[in-house]
Amino acid sequence: MKTIDLVVPCYNEEEGLENFVLETNKVIDSLPEYSFRYILVNDGSRDKTYLIMKKLAARFSNIKYISFSRNFGKEAAMYAGLQHTTADYVVVMDADLQHPPEIFPQMLQAVDVEGYDCCATKRDEREGESFFRGFFSKIFFKLSNKLTDVKNPYGAMDYRMMSRQMVDSILELSEVQRFSKGIFSWVGFNTKWVSFKTVDRKLGKTTWSFGSLFRYAIDGITCFSVAPLRFTAVMGAIIFIVSLIYIMITLIQTLFLGITTPGYVTTLCAVLFLGGITEMSIGILGEYIGRIYMESKKRPIYITKFSNFEDENNEEKEEN
Ligand code: UDP
Ligand code: MG
């Protein structure tokens, strides 16, 4: 019997977690030819998520959990989950039922019958989205597809089913600053894209603010491309050439016509313009140096506090 591991990052999901498992179980029961297992990752939730997880694990034997010592972020949670997978196929999905388990059969058809390595999902094109968010995410997809090796269709989501081989490749990328959409695409393999109608979060609330989405977009580009660095170099070269021409013109004017204008405006413009460009370039450099710094520390991506995996049997510690 083929096995499937479901990796589910959970952060403050006390309201919806049980419902998620019950709903997903309905789909699992309709696929008796596969053996499913949950790997729930509690990403340092501040609510009762962990207790609910433990209760669910006691109720259903196919539920495994890992609980972090603090909030490490969804990327870390996904990585931890993937590290613990052993199944033939692995699904990464959210705990808020925004990633409907109803499309498992469709995904299995792609990876198990049609021979794809991955069946990934993207948002339905016709889907309504707030203008502001839609506008910026479109720019982001265009920009990141142009600047990086990562090619994702517009609206690509993390929700996907992958083959064992692909998961093993993903785990080989052990960088601390993870950007999964990029990593999924970077490792290659053939991916079938399916779309479904997204639904609003029913229980709990989303943890994404506009600021965090902006950071996410910057990460998406800087983690997979040095194009911004090259951009500063090219810009420097252009400014250099333009200034050379301008210097020549000024020299000739001064030599033949004498000094006619005080040049106040020109000086001010040059100073402000170059100052701005320099600041921006230093900022871009800093962005990369910061990344090198964080990466060079080689800190663990996450720290486990509790888990019911046999190999890290630290359940007892909790009792004391
Ligand atoms: N999540 C997480 N750690 C975080 C933030 C979110 O593990 O720091 C989980 C969350 O529990 C959910 C998934 O990541 O299962 C997606 O989060 P959310 O629904 O807030 O994001 P959105 O659906 O708006 O992209
Ligand atoms: Mg969500």
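Atoms within a ligand are numbered from 1 in the order they appear, just like the ligands themselves.
Annotation: angle subtended at the Mg ion (ligand 2) by Asp96 OD2 and Gln98 OE1 is 90°, to 10°.
Under the 4.0 Å criterion applied to side-chain N and carboxylate O atoms, Lys64 and Asp5 are not assigned as salt-bridge partners. Of the charged side-chain nitrogens involved, none lies within less than 4.0 Å of a carboxylate oxygen, so that Arg46 and Glu13 do not count as a salt-bridged pair. Using a cut-off of 4.0 Å between Lys/Arg side-chain N and Asp/Glu carboxylate O, Asp88 and Lys2 are scored as not salt-bridged. Ion pairing between Arg164 and Asp117 fails under the 4.0 Å rule for side-chain N and carboxylate O.
Atoms of ligand 1 found under 4.0 Å from any heavy atom of Glu13 (numbered from 1 in listed order, with element): 10 (C), 11 (O), 12 (C), 15 (O). If you number the atoms of ligand 1 from 1 as listed, the ones under 4.0 Å from a heavy atom of Asp96 come out as 19 (O), 23 (O). Near Gln98, meaning under 4.0 Å from one of its heavy atoms, ligand 1 places the atoms 19 (O), 23 (O). Which parts of ligand 1 touch Gly73 is read off a 4.0 Å heavy-atom cut-off, strictly below it: atoms 3 (N), 8 (O).
Between Tyr65 and the options Phe309, Phe306, Tyr50, a ring pair (Phe, Tyr, Trp, His ring centres under 6.0 Å) holds for only Tyr50.
Looking at Lys74 against ligand 1, both its backbone and its side chain come within 4.0 Å, counting heavy atoms. At a heavy-atom distance under 4.0 Å, only side-chain atoms of Asn71, from C-beta outward, approach ligand 1. If you look at Cys10 next to ligand 1, the close heavy atoms, those under 4.0 Å, all belong to the backbone.
Among the atoms of Asp94, no N, O or S atom is found under 2.8 Å from the Mg ion (ligand 2).
Of the options Asp43, Leu97, Leu40, the smallest heavy-atom separation from atom 3 (N) of ligand 1 is shown by Asp43.
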Steps toward salt bridge (Lys or Arg N to Asp or Glu O under 4.0 Å) verdict (Glu18, Arg59) | CA-CA 11 Å; Glu18 183 176 1; Arg59 192 162 143 205; 2.9 Å; yes
Passes side chain to side chain donor-acceptor pair (under 3.5 Å), Glu175 versus Tyr79? Steps please.
-> CA-CA 10 Å; Glu175 59 222 61; Tyr79 182 73; over 6 Å; no
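The ring of Phe179 has its center closer than 6.0 angstrom to the ring center of Tyr216.
Between Ala95 and ligand 1, at least one pair of N/O atoms sits closer than 3.5 Å.
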